[in-house]
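As structure tokens, the structure follows; a few thoughts come after it.
All values below were derived from every heavy atom in this structure, side-chain atoms included, with hydrogens, water molecules and symmetry-related copies excluded. Everything quoted here is computed from the prediction, not taken from an experiment.
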Amino acid sequence: MTSTTSTLWAVSDLHAAVKVNRPRVDDITPADPSDWLIVAGDVAERTELVVKVMATLVQRFDTVIWVPGNHELFARGTDRYRGREKYTDLVNRLRGLGVITPEDPYPVFGGVTVVPLFTLYDYSFRPPTTTVEEALAAAKKNEIMFTDEVAIAPFADIRAWCWDRLAYSTRRLSRIDGPTILINHWPLIQEPTDKMWWREAALWCGTRHTRGWATRYNARAVIYGHLHMPGVHTIDGVDHVEVSLGYPDEWKRRKNPPAWPYAVMEVER
């Protein structure tokens with residue numbers, strides 16, 4: 001029986017370099033050829049693998065939208081592209097496949113503008129009375145330190161890059177009329193990080209400056225990943241939905257796993 005609807009699906013944190021995750025990636029298929037797919041970051045670390053996975057998904061879905069996560073930005077000193085240059089290379093290569101990136105015109109699905117964002121983090125998810133340096137020192141003392149500090153930070157000024165992306169994104173968002181779906185790898189609000197086992201890890205999980213974006217830009221939903229804690233936080237009437245797969249030891253122990261891929265919205269064709 002032919003479907004009469006098109007669905008906008010969402011996934012994130014595929015971590016395709018992990019062998020046990022590959023069958024889960026293979027299971028990401030449309031219900032109808034007209035379906036769209038959001039991939040909210042952390043496909044893999046190596047550009048070649050990111051491109052390979054995304055090329056496969058492009059063949060399955062009518063439209064594929066991607067935002068980078070921190071893992072796509074990981075680099076070593078010997079790599080050809082690092083920091084901002086690695087992001088630019090990823091954008092160019094994925095555009096070549098037909099993937100929509102945060103640098104492209106925003107597509108419209110069923111009258112809703114779908115907005116891929118790339119905002120990074122600026123260490124502002126921290127106790128209000130502490131400086132960035134104090135917060136990082138406290139995290140280090142507790143042996144909490146993200147790989148970002150050795151695989152991204154040495155090659156770019158993270159806070160400056162984050163603030164550049166915030167300015168760039170707000171300029172573009174201000175031109176949108178009507179409802180939106182906002183997509184970002186990092187959560188736009190701090191509340192989801194409150195459930196993390198180690199609170200210091202929130203330093204690498206977003207920026208306070210995106211706090212009001214969902215209501216300001218008329219979002220029907222916000223899609224994100226990064227935390228590996230899939231679920232929904234409703235803030236000011238807007239659902240902020242984490243759509244992560246994560247690592248095998250995480251997704252295998254979920255007693256009541258949410259539907260994945262996540263159906264963001266459905267429209268009649």
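Closest of all the heavy-atom pairs between P154 and E149 is CD-O, 3.4 Å. Smallest separation of non-hydrogen atoms from G69 and E72: N-OE1, 2.8 Å.
Salt bridge status for D32 with R269: present, with a side-chain N to carboxylate O gap under 4.0 Å. Salt-bridge check for R84 with D164: passed, with a basic side-chain N closer than 4.0 Å to an acidic carboxylate O. For E134 and K141, the salt-bridge test fails: no basic side-chain N is under 4.0 Å from an acidic carboxylate O. The pair D89-K86 fails the salt-bridge criterion, with no side-chain N (NZ, NE, NH1 or NH2) lying under 4.0 Å from an Asp/Glu carboxylate O. The pair R199-D194 counts as a salt bridge, with a side-chain nitrogen and a carboxylate oxygen less than 4.0 angstrom apart.
The aromatic ring centroids of H226 and H185 lie less than 6.0 Å from each other. For Y123 and F125, the distance between ring centers is not under 6.0 angstrom.
The side chain to side chain donor-acceptor pair (under 3.5 Å) search around T207 returns D122, not counting sequence neighbours.
Of the residues Y224, Y168, W161, the one that meets the ring-ring contact (aromatic ring centres under 6.0 Å, His included) test with F118 is W161. A side chain to side chain donor-acceptor pair (under 3.5 Å) with H15 is found for one member of H228, E250, R22 and no other, namely H228. Partner of V67 under the side chain to side chain contact (heavy atoms under 4.5 Å, CB included) criterion, chosen from V39, T119, I183, D42: I183.
With Y106 as the aromatic partner, R172 meets the cation-pi criteria of under 6.0 angstrom to the ring centre and within 45 degrees of the ring axis.
D148 and W204 share no donor-acceptor pair across their side chains, judged by distance under 3.5 Å alone.
Looking at W260, its side chain does come within 3.5 Å of a backbone N or O of V243 through a donor-acceptor pair.
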